[in-house]
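Below: the structure, in structure tokens.
Small disclaimer: the values here were computed from a predicted structure and weren't measured. Note that ligands are numbered from 1 as they come in the structure, with each ligand's atoms numbered from 1 the same way.
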Amino acid sequence: MRIFSGIRPTGGLHIGNYLGAIKQWIALQEKNECVFCIVDLHAITTPYEPKELQKNILEATAIYLAAGIDPEKSIIFVQSEVKEHAELAWLLGTITPMGELSRMTQFKEKSKQHKDYINAGLFNYPVLMAADILLYKSQAVPVGKDQEQHVELARTIAKKFNLNFGKIFPEPETILPKVGAKIMSLTDPKKKMSKSDDPKSCISLFDSPEDIQKKIMSAETDSGKEIIYNVTKKPGISNLLTIYSLLTDKSTQELEKQFKGKGYGDFKKALAKVLIDYLEPFRRKQKELQTRDVYVKDILNKGASRARIIAQSTMQEVREKMGLI
Ligand code: AMP
Ligand code: TRP
């Protein structure tokens with residue numbers, strides 16, 4: 001299968017991004033043709049600092065590599081370096097109903113969050129995302145739960161294109177992780193973990209051991225004192241159990257047994273240790289890659305060249321079908 005996914009280089013990628021999206025990619029790259037993109041054109045739809053963008057792109061690449069994405073197996077590249085993304089987005093915009101775009105939850109949330117930055121790019125964001133996916137004729141898209149609606153819109157756009165102009169696009173499916181599709185905030189376990197929230201609510205992949213310890217120890221827990229997985233009654237502890245379970249490959253039932261009779265404090269201390277150990281290679285790799293800019297840029301250049309070949313061939317077909325040639 002051809003697989004496509006992307007992450008915005010907005011700085012401070014967190015364990016929600018990793019457990020919801022990137023962790024799945026590692027397994028998928030073994031048996032599929034994977035294209036992983038650093039979607040800088042998406043990142044500029046919300047307020048950002050131009051000087052920080054390059055740093056964030058290299059940081060996101062370091063995360064991909066540290067997590068185990070292999071540039072020999074998968075294509076890793078930066079979206080704006082393959083111009084066909086923007087071109088296809090324009091063309092697909094002409095067949096995307098405004099009504100569909102107005103329904104998008106992420107647009108509504110982000111417009112509320114950045115009231116004086118509601119731009120046409122933010123509104124058209126899902127069209128660009130559909131272009132990303134369809135440009136590579138991708139069949140599946142591994143993402144967290146919050147992106148499911150956007151992938152469904154990409155399906156709708158693919159269907160409409162095929163119907164209007166002739167079939168060229170597969171209808172892409174979402175791949176959601178069975179567990180961890182929505183990691184919740186540490187300070188408010190009813191909300192998803194998000195990098196735009198309070199830093200205390202979220203563990204960044206490059207957080208220092210001290211910060212991890214502090215954030216986990218002060219994470220919101222529930223009344224009672226037993227370590228039990230129950231999302232409605234104990235959303236805080238259940239979220240922490242989910243994180244623990246994903247990092248250790250132990251089921252939440254096994255963890256309930258392991259921590260029977262122990263209090264929240266003991267459990268949190270153990271989780272902080274698991275997280276610190278798990279994230280150690282990320283911190284190490286980031287430090288190492290910070291001194292190897294040339295190597296990282298070379299990976300991105302090679303990735304873009306490989307991506308361009310596929311993108312240009314799809315665009316040739318799209319232009320022909322739409323009567324532009
Ligand atoms: P973003 O940071 O919005 O570009 O998200 C990148 C990827 O991480 C997407 O596949 C999201 O669905 C996923 N993601 C973001 N936040 C979470 C979360 N709290 N839990 C699980 N997955 C997430
Ligand atoms: N919109 C995604 C997010 O916010 C990032 C993204 C852009 C993406 N293009 C994509 C994800 C294509 C999957 C496929 O997380």
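Distance from atom 21 (C) of ligand 1 to its nearest protein heavy atom, with residue and atom name: A181 O, 3.1 Å. Remark: minimum distance from atom 1 (P) of ligand 1 to any protein heavy atom is reached at R8 NH2, 3.5 Å. Nearest protein heavy-atom neighbour of atom 11 (C) of ligand 1: D146 OD1, 3.2 Å.
Proximity of the aromatic rings of F36 and F4 is defined here by a centroid distance below 6.0 angstrom, and this criterion is not met.
Heavy atoms of M184 found under 4.0 angstrom from ligand 1: none, in either backbone or side chain. Contact annotation for I133 and ligand 2: only side-chain heavy atoms (C-beta onward) come within less than 4.0 Å of the ligand. With a 4.0 Å heavy-atom cut-off, ligand 2 is reached by no atom of I7.
For ligand 1 and G180, the ligand atoms under 4.0 Å from any heavy atom of the residue are 21 (C). Listed by number with element, the atoms of ligand 1 under 4.0 angstrom from any heavy atom of A21 are 7 (C), 8 (O), 10 (O).
Remark: K191 engages D197 in a salt bridge, criterion side-chain N to carboxylate O under 4.0 Å. E52 has a carboxylate O that lies under 4.0 Å from a charged side-chain N of K55, or vice versa, which qualifies the two as a salt bridge.
By the 30° and 60° cut-offs, the orientation of the rings of F77 relative to H85 is tilted.
For ligand 2, one of its N or O atoms has an N or O atom of Q147 under 3.5 Å away. Geometrically, ligand 1 and Q147 share no nitrogen or oxygen pair separated by less than 3.5 Å.
Selection from V39, T242, I7, I183 by nearest heavy atom to atom 19 (N) of ligand 1 gives I183.
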